[in-house]
Amino acid sequence: MTAKMAASIVEHGEDAFRKLFKFYKRRNPPPDFSEVINFSKPCNDKVFAFELNSTPISEEDVSKAGLQPVKDWRAFGLHGYPGFIFISNPFLPGSQQYWVKQCLKIYPQKPNVCNLDMHMSSVETENIWGKSIDVIQRKGCGKREPKTLLEKLRWVTLGYHYDWNSKTYSPDHYTPFPKELHSLSHKVAAACGFPGFNAEAGILNYYRSDSSLGIHVDESELDHTPPLLSFSFGQTAVFLLGGTKRDDRPTAMFMNSGDIMVMSGPSRLLYHAVPCIVPAPAGNTLPPCLGQRLETEAKGDYIQSVPEEDWDVCSWYLQTSRVNVTVRQVLATGQTFPSSQASHLTTDSCEKSEEGTQKNNKRKSESGYERDA
Ligand code: OGA
Ligand code: MN
């Protein structure tokens, strides 16, 4: 079945999203990706150039976060999805390596929380990177070794740590949000027309080549006015963007390394999912933009070049993996978490609305979002 045939079968209907999700998730034979929007060579009626606001942030300021000048970013909108903005890899050559190293070596460290904490002691999960690299280096020698903690990593939470079971954030479970990621997010949001964005929570998802991420809406944040930002590194994924109803037919697009997605306004609460990681065309290869080294490293920038021994591990990992970081503002400016009684009421009404509308994020503490691998 071609993607066009799948598209005609899956117009609207009860399971339109689920059917397309399964279509792209299939591995043998691999699905036809010809209907998937590729923003790095956009030639699709649905895609239009999106005008960003380059005035609020200076070139110097964005370069500190490893980004090109905003006037050079290639940003797109999608007809039918107001508030959805796709920025095709705006990172400066070499700077993705820094962000990848943060995601693999730094952000899984305590006090951040990860899936391994759900069944291991804090002593066991205290140095995921350090405990993994020796084994990874031995793997290079062709030895059979058990899976490392790095390979078992599925999610990390930052800032207000998302509770996968209650689907809430809480003031009692907060650790400082990484300042460089806060700054990157602030700049991207400002360029997209949200100058006051305050990164308060982050979810990192680690995908192996057979991973997927179930159909869900991100609605646990208490204020939905600020956008949701998403940063992708490593292998390409197919992202499905649906509607406000579970049965709205989604649009499929590739998310490549360095791509940034902004879900704002009417697109903030749309159903979405990642059905598959796209097999690299020539086996285990890194996208070329990840192989570039940092050209200059100015004093005072937090973007620094990654030591070669660290990059060896990162590049080995990303040959078969993808990392996605979503950054969220949880509260409106000046808003506080509801008092315990009020928060009880919120939970109640949330559960009711889930039953009523069958909106169920199906997130589990161990596996994070519903996923198969
Ligand atoms: C999420 C999410 C999408 C992705 O973490 O909420 O939707 O591209 N991630 O991994
Ligand atoms: Mn999401």
Side-chain angles (χ1 to χ4, degrees), residues 17 37 39 42 44 46-57 62 65 67 70-71 73-91 158-160 162 169 177 181-205 213 215-232 237 239-246 248 250-256 258-274 324-335 359 361 369:
F17 204 134
I37 294 174
F39 287 97
N44 188 296
K46 274 190 170 173
V47 178
F48 62 92
F50 188 90
E51 202 62 45
L52 292 169
N53 185 359
S54 57
T55 44
I57 358 158
V62 281
L67 294 164
V70 176
K71 63 174 175 33
W73 295 7
R74 296 179 322 112
F76 304 97
L78 267 184
H79 290 298
Y81 297 91
F84 175 80
I85 307 167
F86 192 103
I87 308 164
S88 188
N89 183 15
F91 288 94
L158 311 171
Y160 288 116
Y162 188 69
Y169 300 98
F177 192 92
L181 185 57
H182 187 282
S183 164
L184 171 74
S185 306
H186 185 83
K187 286 162 192 171
V188 169
C192 294
F194 299 92
F197 184 78
N198 184 22
E200 292 173 317
I203 298 179
L204 283 82
N205 283 301
L213 177 71
I215 306 163
H216 69 278
V217 175
D218 293 286
E219 57 190 350
S220 302
E221 297 71 27
L222 299 188
D223 183 24
H224 298 136
T225 327
L228 193 141
L229 310 185
S230 152
F231 301 88
S232 292
F239 182 82
L240 294 177
L241 182 64
T244 51
K245 295 192 294 300
R246 172 78 187 222
D248 290 335
T251 298
M253 61 198 83
F254 289 120
M255 291 196 72
N256 295 309
D259 289 346
I260 301 178
M261 222 178 58
V262 177
M263 292 170 80
S264 71
S267 289
R268 173 64 182 76
L269 293 171
L270 299 184
Y271 277 99
H272 57 277
V274 177
N324 176 263
V325 186
T326 51
V327 180
R328 303 122 193 273
Q329 180 171 333
V330 175
L331 302 162
T333 313
Q335 187 181 14
K359 271 188 184 179
N361 287 0
Y369 298 90

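Below, each value reflects all heavy atoms present in this structure, side chains not excepted, and no hydrogens, waters or symmetry copies. It should be emphasised that the depicted structure is a prediction, and the values quoted were computed from it without experimental measurement.
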Using distance alone, with no hydrogens and no angle criterion, decide if Tyr169 and Ser220 have a side-chain donor and acceptor under 3.5 Å apart. no
Under 3.5 Å, is there a donor-acceptor pair between the side chain of Ser264 and the main chain of Gly83? yes
Go through Leu181 and Leu158 one step at a time and tell me if the side-chain contact (heavy atoms from CB on, under 4.5 Å) criterion holds. CA-CA 10 Å; Leu181 185 57; Leu158 311 171; 3.6 Å; yes
Rounded to the nearest 0.5 Å, how far does CZ of Phe239 lie from CD1 of Ile37? 12.0 Å
Return the CG to CG distance between Asn89 and Asn256, rounded to the nearest 0.5 Å. 8.5 Å
Side chain proximity check, Leu78 to Phe86, heavy atoms < 4.5 angstrom: no
Within-4.5 Å side-chain heavy-atom neighbours: Leu331 and Asp223: no
Of all heavy-atom pairs between Pro82 and Ser267, which one has the smallest distance, and what is that distance? O-OG, 2.8 Å
Can you find a heavy atom in the side chain of Leu240 that is under 4.5 Å from one in the side chain of His272? no
Heavy-atom check, side chain of Arg328 versus side chain of Glu200, under 4.5 Å: no
If you apply the rule side-chain contact (heavy atoms from CB on, under 4.5 Å), what do you find for Phe84 with Val262, and how did you get there? CA-CA 6 Å; Phe84 175 80; Val262 177; over 6 Å; no
Heavy-atom nearest pair, Tyr81 first then Gly242, reads CE2-O, 3.3 Å
Does any N or O in the side chain of Asp248 come within less than 3.5 Å of the main-chain N or O of Thr244, such that one atom is a donor and the other an acceptor? yes
Show, in sequence, the C-alpha distance, side-chain angles and deciding distance for Leu269 and His224, and conclude whether the side-chain contact (heavy atoms from CB on, under 4.5 Å) test is met. CA-CA 8 Å; Leu269 293 171; His224 298 136; 3.7 Å; yes
OH-CG distance between Tyr162 and Asp218, expressed to the nearest 0.5 angstrom: 7.5 Å
Strictly by modelled atom types, are His186 and Asn198 linked by a side-chain donor-acceptor pair under 3.5 Å? no
Can you tell me how the ring of Phe17 sits relative to the ring of Tyr271, calling it parallel under 30°, perpendicular over 60° and tilted otherwise? perpendicular
Does the side-chain hydrogen bond (donor to acceptor under 3.5 Å, both in side chains) test come out yes or no for Asn324 and Ser232, once each step is laid out? CA-CA 5 Å; Asn324 176 263; Ser232 292; 3.1 Å; yes
When rounded to the nearest 0.5 angstrom, what distance separates CZ in Phe231 from CD1 in Ile87? 8.0 Å
If we check side-chain contact (heavy atoms from CB on, under 4.5 Å) with Leu52, which of these qualifies: Ile57, Val188, Val70? Val70
Tell me if the centroids of the rings in Phe39 and Phe76 come within less than 6.0 Å of each other. yes
Is His79 reaching over with its side chain to a backbone N or O of Phe48, donor-acceptor style, under 3.5 angstrom? no
Taken to the nearest 0.5 Å, the spacing of Leu241 CG from Met253 CE works out to 4.5 Å
Do Phe91 and Leu184 have side chains that get closer than 4.5 Å, going by heavy atoms? yes
Decide if atom CD of Glu51 counts as having more than 12 heavy atoms of other residues, nucleotides or ligands within a radius under 6.0 Å. no
Full working for side-chain contact (heavy atoms from CB on, under 4.5 Å) between Arg246 and Ile215: CA-CA 8 Å; Arg246 172 78 187 222; Ile215 306 163; 3.5 Å; yes
Taken to the nearest 0.5 Å, the spacing of Glu221 CD from Gln329 CD works out to 10.0 Å
Looking at Pro226, Ser185, Ser230, which hits side-chain contact (heavy atoms from CB on, under 4.5 Å) with Val327? Ser185
Where Phe197 and Leu229 come nearest, the two heavy atoms and their spacing: CE2-CD1, 4.0 Å
